[in-house]
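The basis for the numbers below is simple: all heavy atoms, side chains too, and nothing from hydrogens, waters or symmetry mates. Throughout, protein chains are lettered first and strands after them, A, B, ... in sequence-line order, and every chain is numbered starting at 1.
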Amino acid sequence: MEGLTVKAFGMIAEKLPEQEFKFPKKENTEELLASLYNEYPNLKDLDFSLAVNQQLIQQNTPLEGDEEIALLPPFSGG
Amino acid sequence: MEGLTVKAFGMIAEKLPEQEFKFPKKENTEELLASLYNEYPNLKDLDFSLAVNQQLIQQNTPLEGDEEIALLPPFSGG
Amino acid sequence: MTRKPKNIFVEGPISSEKIAKSIQNHSSKTNIGAHSIFLGQVRADEKEGSVVRAIEYTAYEEMALQKAFEIREAIFEKYNLTCMHIYHSLGEVKTGEICLFVFTSSKHRKMAIDACEELVERIKNELPVWGKELLENSDENWKVNT
Amino acid sequence: MTRKPKNIFVEGPISSEKIAKSIQNHSSKTNIGAHSIFLGQVRADEKEGSVVRAIEYTAYEEMALQKAFEIREAIFEKYNLTCMHIYHSLGEVKTGEICLFVFTSSKHRKMAIDACEELVERIKNELPVWGKELLENSDENWKVNT
């Protein structure tokens with residue numbers, strides 16, 4: 001199936017209707033974030049990082065369109 | 001019984017005829033060491049510290065005459 | 001020697017028997033002189049109006065295993081270690097139970113101790129794992145690492 | 001709270017069961033968040049013409065217990081610890097077996113880790129304990145700490 005796979009973790013997962021869902025292809029992570037904020041406004045109040053295909057990203061990153069995107073709140077293991 | 005009690009440990013204990021023995025009263029630890037070196041010349045080749053009543057001493061220390069004196073080679077526990 | 005990512009996750013608490021067995025397993029490695037072990041234990045912290053009774057751990061498992069592998073490789077590169085083991089709980093771990101077990105072994109103590117400390121820091125900071133504190137009064141609270 | 005010197009010496013090796021039991025005993029102390037453990041293990045070091053098969057430990061016991069007590073008090077003074085345990089073997093400990101077990105527990109990891117490291121250093125440097133290496137060829141060699 002075409003499109004991005006978005007996975008949410010920790011407290012983010014509790015704020016979204018689903019923990020894992022498909023999302024339409026975006027050019028880059030900034031566009032993706034804008035769309036996610038638009039769709040799920042309560043994300044704006046939350047602190048999280050993005051991982052693209054399991055790699056944390058620090059800046060706007062181009063997307064092919066079939067990546068696995070993870071929304072990661074601050075880690076609290078151990 | 002009158003006099004100092006001398007206890008030897010580690011490799012020092014193997015160099016002396018007994019591990020624990022009585023020794024005549026001395027004025028201070030320097031005199032005691034001189035007498036011990038005189039009695040047991042092979043002590044001169046060995047590296048050891050003195051403890052008086054279980055306290056390590058760093059310098060010449062006066063003796064009452066009934067102390068427990070320990071000859072302690074470098075520690076190697078653990 | 002090529003190493004591959006290996007599982008670090010344990011369902012529920014890490015038992016003292018598991019720790020003992022892990023220690024025992026090293027008795028055949030007679031070039032080891034020093035083991036350093038860190039254990040994380042779930043605290044009964046007071047939260048407003050209640051107290052923690054357990055922490056429920058979840059993880060982004062695939063990413064966490066890959067990250068743990070990278071950290072392992074970096075630590076093996078930096079320190080002269082014989083062995084390194086990492087175990088982290090998933091699911092519910094009650095107060096007083098062990099949720100993290102980090103174990104380094106080396107010929108000499110300094111390497112084992114320093115490597116263990118750095119491993120614990122990196123695990124806490126870099127592994128995508130989350131703890132949700134479950135309180136006595138049924139409230140929940142997302143744990144924040146300090 | 002006044003503490004008194006307590007025995008730290010164990011005849012022969014320290015078993016992994018003893019270590020497990022010691023860890024287990026802390027599960028009721030739910031203010032603990034971190035344990036740091038150091039284990040010394042006897043190495044099969046090569047010596048000229050042979051190899052270490054065991055270390056035989058002796059100590060000036062009264063002085064060692066008093067010294068261990070002073071070190072304990074100083075470490076409790078310096079670090080915010082919940083618990084501290086020290087066990088050292090006497091007599092023969094074979095290669096691969098555990099001869100030293102140091103265990104610190106605290107609310108947070110930094111205190112437990114730093115205290116454990118300092119304890120190990122002080123124990124190695126300050127306790128009147130001696131190890132005689134027993135070699136495979138029946139030679140003996142007094143251990144030197146580095």
The interface call for Lys110(D) against chain C, heavy-atom contacts under 4.5 Å, is side chain

Distance in Å, Glu17(C) CD paired with Ile23(D) CD1, rounded so as to fall on 0.5 Å steps: 10.0 Å

Quick check for you: to the nearest 0.5 Å, what is the distance between His35(D) atom NE2 and Phe38(C) atom CZ? 9.0 Å

Measure the shortest side-chain to side-chain distance between Thr30(D) and Arg43(C) over non-hydrogen atoms and say whether it is less than 4.5 angstrom. no

Taken to the nearest 0.5 Å, the spacing of Ile19(C) CD1 from Ile19(D) CD1 works out to 10.5 Å

Separation of Gln41(D) CD from Ile32(C) CD1 (nearest 0.5 Å): 5.5 Å

Ile98(D) versus chain C, the contacting section by heavy-atom distance below 4.5 Å: side chain

Taking side chain as everything from C-beta outward and backbone as N, CA, C, O, which of these in Lys124(D) sits under 4.5 Å from a heavy atom of chain C? Side chain, backbone, both or neither. side chain

When rounded to the nearest 0.5 angstrom, what distance separates NE2 in His26(C) from OG in Ser16(D)? 12.0 Å

Counting heavy-atom pairs under 4.5 Å to chain C, which of Ser22(D), Gly96(D), Ala112(D) comes out on top? Gly96(D)

Heavy-atom distance under 4.5 Å to chain C: side chain of Ser36(D), backbone, both or neither? both

Considering only heavy atoms from C-beta outward, does the side chain of Lys107(D) approach that of Asp45(C) to under 4.5 Å? yes

For chain C, find which of Gly40(D), Gly33(D), Ala20(D) contributes the most heavy-atom pairs closer than 4.5 angstrom. Gly33(D)

Any heavy-atom pair between the side chains of Glu121(D) and Arg109(C) that's under 4.5 Å? yes

Separation of Phe103(C) CZ from Leu39(D) CG (nearest 0.5 Å): 6.5 Å

